[in-house]
2 protein chains.
Amino acid sequence: MTTTGEGTDHRAPSGPSATAADLPAATVRRLPEYLRALSSLGEAGVETVSSETLAAATGVNSAMLRKDLSQLGASGMRGVGYNVAALAAYIAGVLGLTKDSRVAIIGLGHLGQALARYPGFSERGFDIVGLFDADPGIIGKDLDGILVRDVALLAGAIRDEGINIGVIATPGAAAQHVADLLVDAGVTSILNFAPCVLAVPQGVAVRKVDLAVELQILSFHEHHKTIGRTNTDVKQQSRRPLAET
Amino acid sequence: MTTTGEGTDHRAPSGPSATAADLPAATVRRLPEYLRALSSLGEAGVETVSSETLAAATGVNSAMLRKDLSQLGASGMRGVGYNVAALAAYIAGVLGLTKDSRVAIIGLGHLGQALARYPGFSERGFDIVGLFDADPGIIGKDLDGILVRDVALLAGAIRDEGINIGVIATPGAAAQHVADLLVDAGVTSILNFAPCVLAVPQGVAVRKVDLAVELQILSFHEHHKTIGRTNTDVKQQSRRPLAET
DNA sequence: TGGTGTGAATGACTTCACAGCC
DNA sequence: GGCTGTGAAGTCATTCACACCA
């Protein structure tokens with residue numbers, strides 16, 4: 001991420017066997033991209049694809065793609081390529097997309113409402129089964145058939161409804177409290193849109209998406225592109241001490 | 001990244017001088033986080049902060065924070081720490097946040113509308129000055145005081161209104177076309193929420209945020225946590241060829 | 001004493017280049 | 001001939017450890 005943004009890495013506390021669980025984080029980040037490209041190809045009727053073609057469709061180097069797939073345990077056919085449908089199914093299996101995940105969204109301001117209605121989630125196997133907010137003005141509202149409930153009911157719903165992923169879209173000040181509620185109720189995967197760092201116990205995976213951060217990174221590039229043409233250079237200014245005694 | 005999602009790196013086509021423009025990408029990604037933490041501290045009345053404390057607030061190692069700041073040309077005071085206000089101003093300068101950026105959002109479905117209303121953008125110096133869509137049912141709508149215009153007017157608006165960042169929130173099928181419009185009109189920074197890889201000329205910075213990708217990464221961790229307790233292991237299954245002759 | 005600045009060591013990721021197989 | 005699978009090399013990023021300074 002973002003980056004997306006970058007997420008806290010989960011490190012298995014007691015993983016004895018070397019499994020697919022310890023794939024490099026960088027590889028895991030790319031798997032969803034491969035999957036998306038494979039879906040497109042499949043819909044277009046393509047049956048077989050070379051690493052070169054698939055890599056181009058996902059913006060990576062073909063050697064990296066081959067290495068990624070090789071690490072997964074997937075394999076192609078020399079001189080031929082990869083079977084699109086089989087590879088897609090294989091990657092979906094590694095990502096755990098064979099069974100649908102059950103998602104709760106907490107915080108239904110503009111962003112949370114957009115997330116609740118975003119079709120891309122259900123399309124890719126994520127069922128949004130719970131919406132929660134603390135604002136009485138929003139509780140009770142119906143968003144595309146799902147009722148917004150009081151956040152006080154969150155813990156119970158997590159247990160009763162098998163929710164295993166929590167999406168935090170609250171203001172920053174409320175985010176840590178919500179994260180604590182999620183963790184206490186047994187959720188071990190959190191997607192955080194609030195602009196703050198969450199403290200969670202080991203074994204809980206947190207990924208963070210901060211929309212403003214992405215714009216600031218673009219701003220950096222924008223700024224230093226123009227600087228290349230002018231003369232102002234931050235690095236060559238003499239260093240000013242940034243603390244006083 | 002997060003988002004995070006990962007963005008295409010900009011590589012200056014003809015950068016002669018070694019400036020702040022070629023900071024490591026990893027460092028640039030962290031600067032907005034430092035800035036956010038510094039803002040919090042500043043509002044809390046803190047005047048000076050150690051690398052240890054600031055690192056904890058941003059979830060990084062303190063040595064890395066010091067190295068990042070050192071690369072920027074910012075410096076603290078040994079035995080004291082960094083001056084919060086001065087460091088924040090310095091990082092804002094490096095990120096190019098001293099002058100506000102002018103942003104257009106193209107595609108005003110649920111996500112685009114949420115972005116248009118997201119207060120975090122204007123709070124951090126990004127002025128949303130243009131909203132564009134192709135759907136006549138949305139064109140003409142007023143979103144918090146900004147009119148949604150026909151995307152046919154995009155190129156003219158970019159030139160007349162000094163827009164320098166484009167945010168694409170259209171469906172995937174339209175995204176490349178919109179990107180071409182942006183690039184042709186001179187925009188060199190694009191934030192892409194559509195689930196597809198954009199082709200752009202060198203010198204144009206693209207960052208991609210795919211919300212479903214983040215959930216799929218969480219799904220991976222979720223899946224392999226439970227696998228650790230059961231016996232099914234993808235890696236140890238015998239390799240099946242994924243292409244047929 | 002407390003905390004920065006930074007070489008050196010480690011580790012992670014990516015690319016190259018090519019052997020081997022279909 | 002074409003394409004995969006993978007050691008080896010190269011690049012980039014992070015952490016360690018400590019000299020140095022207020």
Side-chain angles (χ1 to χ4, degrees), chain A residues 1 6-9 11 18 22-31 33-34 46-56 58-84 86-87 90 235 238-245, chain B residues 1 6-11 18 22-31 33-34 46-84 86-87 90 235 238-245:
Chain A
M1 282 355 310
E6 182 66 350
T8 303
D9 267 10
R11 176 171 288 271
D22 52 15
L23 286 174
T27 296
V28 175
R29 273 209 312 269
R30 286 186 292 265
L31 295 183
E33 292 292 335
Y34 299 155
V46 177
E47 299 208 338
T48 294
V49 67
S50 71
S51 65
E52 198 70 50
T53 306
L54 186 54
T58 53
V60 306
N61 180 297
S62 67
M64 206 164 63
L65 170 59
R66 290 197 298 279
K67 187 154 283 190
D68 281 343
L69 296 183
S70 164
Q71 278 171 330
L72 290 191
S75 71
M77 284 271 217
R78 295 176 196 228
V80 180
Y82 299 85
N83 178 288
V84 171
L87 183 55
Y90 194 85
K235 189 76 163 290
S238 67
R239 288 197 173 190
R240 294 169 298 172
L242 294 180
E244 58 221 351
T245 43
Chain B
M1 359 19 6
E6 182 63 353
T8 305
D9 268 10
H10 166 63
R11 176 171 289 270
D22 51 15
L23 286 174
T27 297
V28 175
R29 273 208 312 270
R30 287 186 291 264
L31 294 183
E33 291 292 336
Y34 299 155
V46 178
E47 298 207 337
T48 295
V49 67
S50 71
S51 65
E52 198 70 50
T53 306
L54 185 53
T58 53
V60 305
N61 181 298
S62 68
M64 205 165 63
L65 170 59
R66 290 197 299 278
K67 187 153 283 189
D68 281 342
L69 296 183
S70 163
Q71 279 171 327
L72 290 191
S75 71
M77 285 272 216
R78 296 177 196 227
V80 179
Y82 299 85
N83 178 288
V84 170
L87 182 55
Y90 193 86
K235 189 77 162 288
S238 66
R239 286 196 176 191
R240 294 170 297 172
L242 292 181
E244 56 221 353
T245 42

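Remember, it's a predicted structure, so these values are computed and weren't measured experimentally. Here is the naming used below: chain letters follow the sequence lines, and residue numbers restart at 1 for every chain.
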Test side-chain contact (heavy atoms from CB on, under 4.5 Å) applied to A:T53 and A:V46, step by step: CA-CA 12 Å; A:T53 306; A:V46 177; over 6 Å; no
Can you list, in residue-number order, the parts of residues 55-64 of chain B that come under 4.0 Å of DNA chain C, counting heavy atoms only? none
From [X] atom [atom1] to [Y] atom [atom2], the distance as rounded to the nearest 0.5 Å:
| X | Y | atom1 | atom2 | result |
| --- | --- | --- | --- | --- |
| A:M64 | A:S51 | CE | OG | 12.0 Å |
| B:N83 | B:S75 | CG | OG | 11.0 Å |
| B:N61 | B:E52 | CG | CD | 8.0 Å |

Return the 5'-most residue of the pair B:R66, A:V49 with respect to DNA chain D, ranking by each residue's nearest nucleotide. A:V49
For nucleotides 8-11 of chain D, which of its nitrogen or oxygen atoms have a protein nitrogen or oxygen under 3.5 Å away, and what is each distance?
from	atom 1	to	atom 2	distance (Å)
D:dA8	N6	A:K67	NZ	3.1

Using whole Å, report how far [atom1] of [X] lies from [atom2] of [N].
| X | N | atom1 | atom2 | result |
| --- | --- | --- | --- | --- |
| B:L69 | D:dT14 | CG | P | 14 Å |
| A:D68 | C:dT14 | CG | P | 8 Å |
| B:L23 | D:dA13 | CG | P | 11 Å |
| B:N83 | C:dG3 | CG | P | 16 Å |
| A:Q71 | C:dC13 | CD | P | 9 Å |
| A:L72 | D:dT4 | CG | P | 15 Å |
| A:E52 | D:dG1 | CD | C1' | 15 Å |
| A:L65 | C:dC13 | CG | C1' | 15 Å |

side-chain contact (heavy atoms from CB on, under 4.5 Å) filter on A:A55, not counting sequence neighbours, yields A:V60, A:S62, A:L65
Qualifying residues under side-chain contact (heavy atoms from CB on, under 4.5 Å), relative to A:A56, sequence neighbours excluded: none
So, do B:Y82 and B:L54 sit near enough that their side-chain heavy atoms are less than 4.5 Å apart? no
B:S70 side chain N/O closer than 4.0 Å to the phosphate oxygens (OP1, OP2) of C:dG5? no
Measuring to OP1 and OP2 of D:dC3, would you say a side-chain N or O of A:S50 lies under 4.0 angstrom away? no
Atom pairs under 3.5 Å: protein N/O with N/O of nucleotides 19-21 of chain D:
from	atom 1	to	atom 2	distance (Å)
D:dC20	O2	B:R78	NH1	3.0

Could you please name the option among D:dT14, D:dG5, C:dG5 that lies closest to any side-chain atom of B:Y82? C:dG5
Assuming nearest nucleotide by heavy-atom distance, tell me which of B:S51 and A:R30 is located more 5' along DNA chain C. B:S51
B:T27 meets the side chain to side chain donor-acceptor pair (under 3.5 Å) criterion, sequence neighbours left out, with B:D68, B:Q71
A:L69 backbone acceptor or donor facing A:Y34 side chain under 3.5 Å: no
